[in-house]
Amino acid sequence: MSFTFTTGLPLSRQAVDRDHLSRGLPELFDQLWADDSTRVLPVWHGKMLLAPHDPGTGPRLALLPPMGLLMSPQNVGLRVYLGRSLPTNLPEEFGTRIVAVNLDDDAAVRLEPDEYRWVGLRTVATVLGDRDAGLFTEALGVLNWHASHGHCPRCGAATTVEEGGWVRRCPVDNSQVFPRTDPAVIVLITDADDRILLGSNAMWENNRYSLLAGFVEPGEALEAAVIREMFEESGLRVTDPVYVGSQPWPFPASVMCGFTARLADDQQAHDLLPDGAEILALRWFSRQELSEAGEWMLLPGPSSIAHAMIERWLGAPLSAAPELIRP
């Protein structure tokens, strides 16, 4: 069994020209702040503001003019140039340049004291339009990188931010550090009876189940990672890994590469061996069993690629569920 995604996954959608050629412009942010058409996307602890409700456009992120009282350069922290808006049916004109700004607690409270108006990506990913879902994912990913890469990996010196927020430079040897993304595989395994294997992670409640997943190791192909990770987590050998699609997952810096695979012919479905450290329980589900699981079992939230993959296999919508820690 195999399938491909023909429509965008919630966090894979984009409607922004990232405009990489502008990142190296001298005094880029001075130019952007002097341009009344520039719009600022405020970020606070990984959360962003929703704009006031507009039934004509649906839920949108709040994009603010840069020279407002609270948006002057002195009131913001790290800035990242995200690119140019492409839709023509939004309040911002086609080509509007957008900058993400990281706010400290004081600046965020001055801007919007009601913390419930600040929302996380997983909460709103499926209701935002293509542009705003892409903006949120892009901004969160690059800001998470900045938060963990403030020093040179070679000598430990504090690095400086360049290229519109997309490069950090070491002042000692002049080397550049670029944003990183950690690839991971996430796998829908089926057995001879076309059941799928779901596991419960040690970090979750014991009634949460999802597809098995793991990070790709250095020097390893994605297909090899599928076989290795599935054996490590379940004790089962799988075969015929088939790529079905990918989705960024900036929690903090992953891209999830979805695969299907089937249980190897020399394996018995009952030979399950959870690793006991990451995966505590494993179970095979038929379509009927999964459909009848009801409230006793929580499945991946709708922003995840796991949700989409299970839904495609099931052939029916999954029940609404709170978002998972892992996709």
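Worth knowing before you read on, the calculation uses all heavy atoms, side chains too, and leaves out hydrogens, waters and symmetry mates.
Taking the side chain as every heavy atom from C-beta outward, W44 and E112 never approach each other to under 4.5 Å.
Annotation: cation-pi geometry satisfied between R287 and W313 (NZ/CZ under 6.0 angstrom from ring centroid, within 45° of ring axis). Both cation-pi conditions hold for R79 and W33: the charged atom is under 6.0 angstrom from the six-membered ring centre and inside a 45 degree cone around its axis.
A donor-acceptor pair is defined here as one N or O able to donate and one able to accept, closer than 3.5 Å; no such pair exists between the side chain of W166 and the backbone of H20. Panel note: side chain D193, backbone R195; no donor-acceptor pair is recorded below 3.5 Å. Formation of a donor-acceptor pair under 3.5 Å by the N144 side chain with backbone atoms of P250 is found in this model. Using a distance-only test at 3.5 Å, with no hydrogens or angles considered, no donor-acceptor pair links the side chain of T137 to the main chain of S12.
Salt-bridge check for R228 with E217: passed, with a basic side-chain N closer than 4.0 Å to an acidic carboxylate O. Ion pairing between a basic and an acidic side chain is recognised when a charged N comes within 4.0 Å of a carboxylate O; D17 and R84 show no such pairing. Using a 4.0 Å cut-off between a side-chain N of Lys or Arg and a carboxylate O of Asp or Glu, R97 and D19 do not qualify as a salt bridge.
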Quiz item: Would L211 and F259 count as a side-chain contact (heavy atoms from CB on, under 4.5 Å) if you check the C-alpha gap in whole Å, the side-chain angles of each, and the deciding distance to 0.1 Å?
Solution: CA-CA 10 Å; L211 303 178; F259 283 82; over 6 Å; no
Quiz item: Step by step, would you call V187 with T260 a side-chain contact (heavy atoms from CB on, under 4.5 Å)?
Solution: CA-CA 5 Å; V187 188; T260 59; over 6 Å; no
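In this structure, M297 is a member of the same hydrophobic cluster as I196, with clusters built from ILVMFWY side-chain heavy atoms closer than 4.5 Å. A single hydrophobic cluster is seen to contain both W145 and L41, as judged by linkage of ILVMFWY side chains at heavy-atom distances under 4.5 Å, directly or through other members.
Taken to the nearest 0.5 Å, the CD atom of E278 stands 9.5 Å off from the CG atom of L280. The CG atom of L236 lies 13.0 Å from the CD1 atom of I227; values are rounded to the nearest 0.5 Å. Remark: W249 CH2 to D182 CG distance equals 15.0 Å, nearest 0.5 Å.
Exactly one of L299, L282, L212 qualifies for a side-chain contact (heavy atoms from CB on, under 4.5 Å) with L198. That residue is L299. Applying the side-chain contact (heavy atoms from CB on, under 4.5 Å) test between T159 and each of R168, R169, Q176 identifies R168 as the sole match.
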